[in-house]
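Since the structure comes first, as structure tokens, the remarks are kept for the end.
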Amino acid sequence: MPSKKALIRRPSPRLAEGLVTHIEREKVDIELAQEQWEAYAETLRAHGWETIEVDAEDDCPDSVFVEDTVVMYKNVALITRPGAESRREETAGVEEAVARLGCSVNWIWEPGTLDGGDVLKVGDTVYVGRGGRTNAAGVQQLRAAFEPLGARVVAVPVSKVLHLKSAVTALPDGTILGHIPNVDRPSLFPGFLAVPEDAGAHVVLLGGGKLLMSASAPKTAELLTDLGHEVVPVDISEFEKLEGCVTCLSVRLRELYA
């Protein structure tokens with residue numbers, strides 16, 4: 001049986017100081033962010049996911065975006081080396097959490113940098129965005145870690161948004177969703193579906209054909225519902241002000257076989 005575990009990490013009280021690179025800074029409501037985070041975690045649990053809370057990092061404003069700290073392939077956890085130096089302390093707690101779950105642990109080493117938000121898995125294809133936070137050495141090290149396990153690693157340029165998964169994610173059938181103004185080369189993806197909103201490009205596969213999506217993409221939700229998917233909306237407005245999306249707030253562990 002595949003596993004349904006999700007790593008999550010409580011927002012830091014310094015969340016409002018989080019990094020922004022491609023958008024204007026807006027005021028973040030910390031209390032509302034906390035409520036939205038609780039609701040996000042509850043939505044995962046309501047759909048059969050066991051949430052595992054990584055120790056909070058109160059001094060790391062961006063630590064709630066736990067996806068950036070580790071990339072999972074099968075039962076191997078690749079601990080990243082975030083492209084923003086201020087985020088490097090976030091990885092230690094995540095490394096402990098995945099080790100406790102029995103994952104085999106690998107690391108990205110200097111001079112490599114890699115953010116987990118730059119990695120999109122579609123079956124055995126692993127797309128990795130080469131952009132602001134992930135460098136060529138990081139891509140090479142990811143390839144070295146996962147290709148021997150059967151992954152096909154495809155590097156794609158990312159220049160218009162923070163991370164690859166800020167631009168594209170995938171539906172259960174492998175169709176890639178993207179908002180055209182944010183995608184460098186849509187032609188690199190077989191089966192590309194253009195969506196009308198920024199936040200519409202981000203889905204988390206909950207299982208059973210259900211898609212977790214931001215409430216800020218109602219037109220895309222309508223499009224996907226019309227295509228026969230079941231959309232589960234969550235409000236993550238405060239995290240979107242920091243270039244966050246539904247994928248960044250958890251790490252889904254689907255292939256830990258007990």
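Keep in mind that the numbers below use all heavy atoms, side chains included, and drop hydrogens, waters and symmetry copies.
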Check your understanding: Should Leu120 and Val156 be marked as a side-chain contact (heavy atoms from CB on, under 4.5 Å) after you check the CA-CA gap, both sets of side-chain angles, and the distance that decides it?
Key -> CA-CA 11 Å; Leu120 173 65; Val156 295; over 6 Å; no
How far does [atom1] of [X] sit from [atom2] of [Y], to the nearest 0.5 angstrom?
X: Asn182; Y: Glu197; atom1: CG; atom2: CD; result: 12.0 Å
X: Arg9; Y: Glu90; atom1: CZ; atom2: CD; result: 6.5 Å
X: Glu238; Y: Gln34; atom1: CD; atom2: CD; result: 12.0 Å
X: Thr91; Y: Glu57; atom1: OG1; atom2: CD; result: 9.0 Å
X: Ile8; Y: Leu44; atom1: CD1; atom2: CG; result: 7.0 Å
X: Leu7; Y: Met72; atom1: CG; atom2: CE; result: 8.0 Å

pair [X]-[Y]: side-chain heavy atoms closer than 4.5 Å:
X: Glu230; Y: Thr225; result: no
X: Val76; Y: Ser104; result: yes
X: Arg254; Y: Lys5; result: no
X: Ile180; Y: Phe192; result: yes
X: Val105; Y: Ile79; result: yes
X: Leu171; Y: Leu211; result: yes
X: Val154; Y: Val128; result: no
X: Cys103; Y: Val70; result: no

Side-chain heavy atoms nearer than 4.5 Å, only ILVMFWY residues, links allowed to pass through others: does that put [X] and [Y] together?
X: Leu149; Y: Ile108; value: yes
X: Val203; Y: Leu212; value: no
X: Val122; Y: Val71; value: no
X: Val183; Y: Leu164; value: yes
X: Tyr127; Y: Leu205; value: no

Point to revise | Sidechain N-carboxylate O distance under 4.0 Å for Asp58, Arg14 | key: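 No.
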Point to revise | Sidechain N-carboxylate O distance under 4.0 Å for Arg10, Glu53 | key: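 Answer for the salt bridge query: yes.
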Taking all heavy atoms of [X] and all of [Y], pick out the closest pair and write down the distance.
X: Pro157; Y: Leu188; answer: CD-CD1, 3.7 Å
X: Met213; Y: Ala221; answer: CE-N, 4.0 Å
X: Trp49; Y: Leu206; answer: NE1-O, 3.0 Å
X: Ala170; Y: Ile176; answer: CB-CD1, 4.0 Å
X: Val246; Y: Ser214; answer: CG1-N, 3.8 Å
X: Gly18; Y: Pro61; answer: N-CB, 3.7 Å

State whether the number of non-hydrogen atoms from other residues, nucleotides or ligands found under 6.0 Å of [X] atom [atom1] is greater than 12.
X: Glu89; atom1: CD; result: no
X: Lys160; atom1: NZ; result: yes
X: Glu147; atom1: CD; result: yes

Taking the side chain from [X] and the backbone from [Y], do they hold a donor-acceptor pair closer than 3.5 Å?
X: Asp55; Y: Gly93; value: no
X: His179; Y: Ala201; value: no
X: Asn106; Y: Ala145; value: no

Exercise for review: Apply the test ring-ring contact (aromatic ring centres under 6.0 Å, His included) to residues Phe239 and Tyr40: give CA-CA distance (whole Å), side-chain angles for both, the deciding distance (0.1 Å), then the verdict.
Suggested key: CA-CA 11 Å; Phe239 301 105; Tyr40 174 94; 8.1 Å; no
Check your understanding: Considering the options His163, Lys165, His202, Glu67, which one meets the side chain to side chain donor-acceptor pair (under 3.5 Å) requirement together with Thr247?
Key ->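 Going through His163, Lys165, His202, Glu67 one by one, the side chain to side chain donor-acceptor pair (under 3.5 Å) with Thr247 is satisfied by Glu67 alone.
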Point to revise | Among Thr80, Thr113, Asp115, Asp118, the one residue meeting side chain to side chain donor-acceptor pair (under 3.5 Å) with Thr134 | key: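 Among Thr80, Thr113, Asp115, Asp118, the one meeting side chain to side chain donor-acceptor pair (under 3.5 Å) with Thr134 is Asp118.
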Review point. Can you check side-chain hydrogen bond (donor to acceptor under 3.5 Å, both in side chains) on Glu240 and Ser216, steps first, answer last?
Key: CA-CA 9 Å; Glu240 288 172 335; Ser216 64; 3.0 Å; yes
Practice item. Report the C-alpha separation of Val158 and Val161 in whole Å, then their side-chain angles, then the decisive distance to 0.1 Å, and conclude whether the side-chain contact (heavy atoms from CB on, under 4.5 Å) test is met. Key: CA-CA 7 Å; Val158 173; Val161 284; 4.0 Å; yes
Check your understanding: When you check the side-chain N and O atoms of Arg45 and Thr51, is any donor under 3.5 Å from an acceptor?
Key ->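 Yes - a donor-acceptor pair under 3.5 Å links their side chains.
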Practice item. Determine whether the side chains of Ser250 and Arg252 contain a donor N or O and an acceptor N or O closer than 3.5 Å. Key: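 Result is yes, a qualifying pair exists.
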Exercise for review: Evaluate side-chain contact (heavy atoms from CB on, under 4.5 Å) for Val232 paired with Val204, printing each intermediate quantity in order.
Suggested key: CA-CA 10 Å; Val232 178; Val204 170; over 6 Å; no
Review point. Can Ser3 and Glu255 be said to form a side-chain hydrogen bond (donor to acceptor under 3.5 Å, both in side chains), step by step?
Key: CA-CA 6 Å; Ser3 55; Glu255 295 184 83; over 6 Å; no
Point to revise | Pair Ser12-Cys60, side-chain contact (heavy atoms from CB on, under 4.5 Å): steps then yes or no | key: CA-CA 7 Å; Ser12 154; Cys60 296; 5.8 Å; no
Check your understanding: What is the ring orientation for Trp107 with Trp109, classed by angle as parallel under 30°, tilted 30 to 60°, or perpendicular over 60°?
Key ->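 Geometry flag for Trp109 against Trp107: tilted rings.
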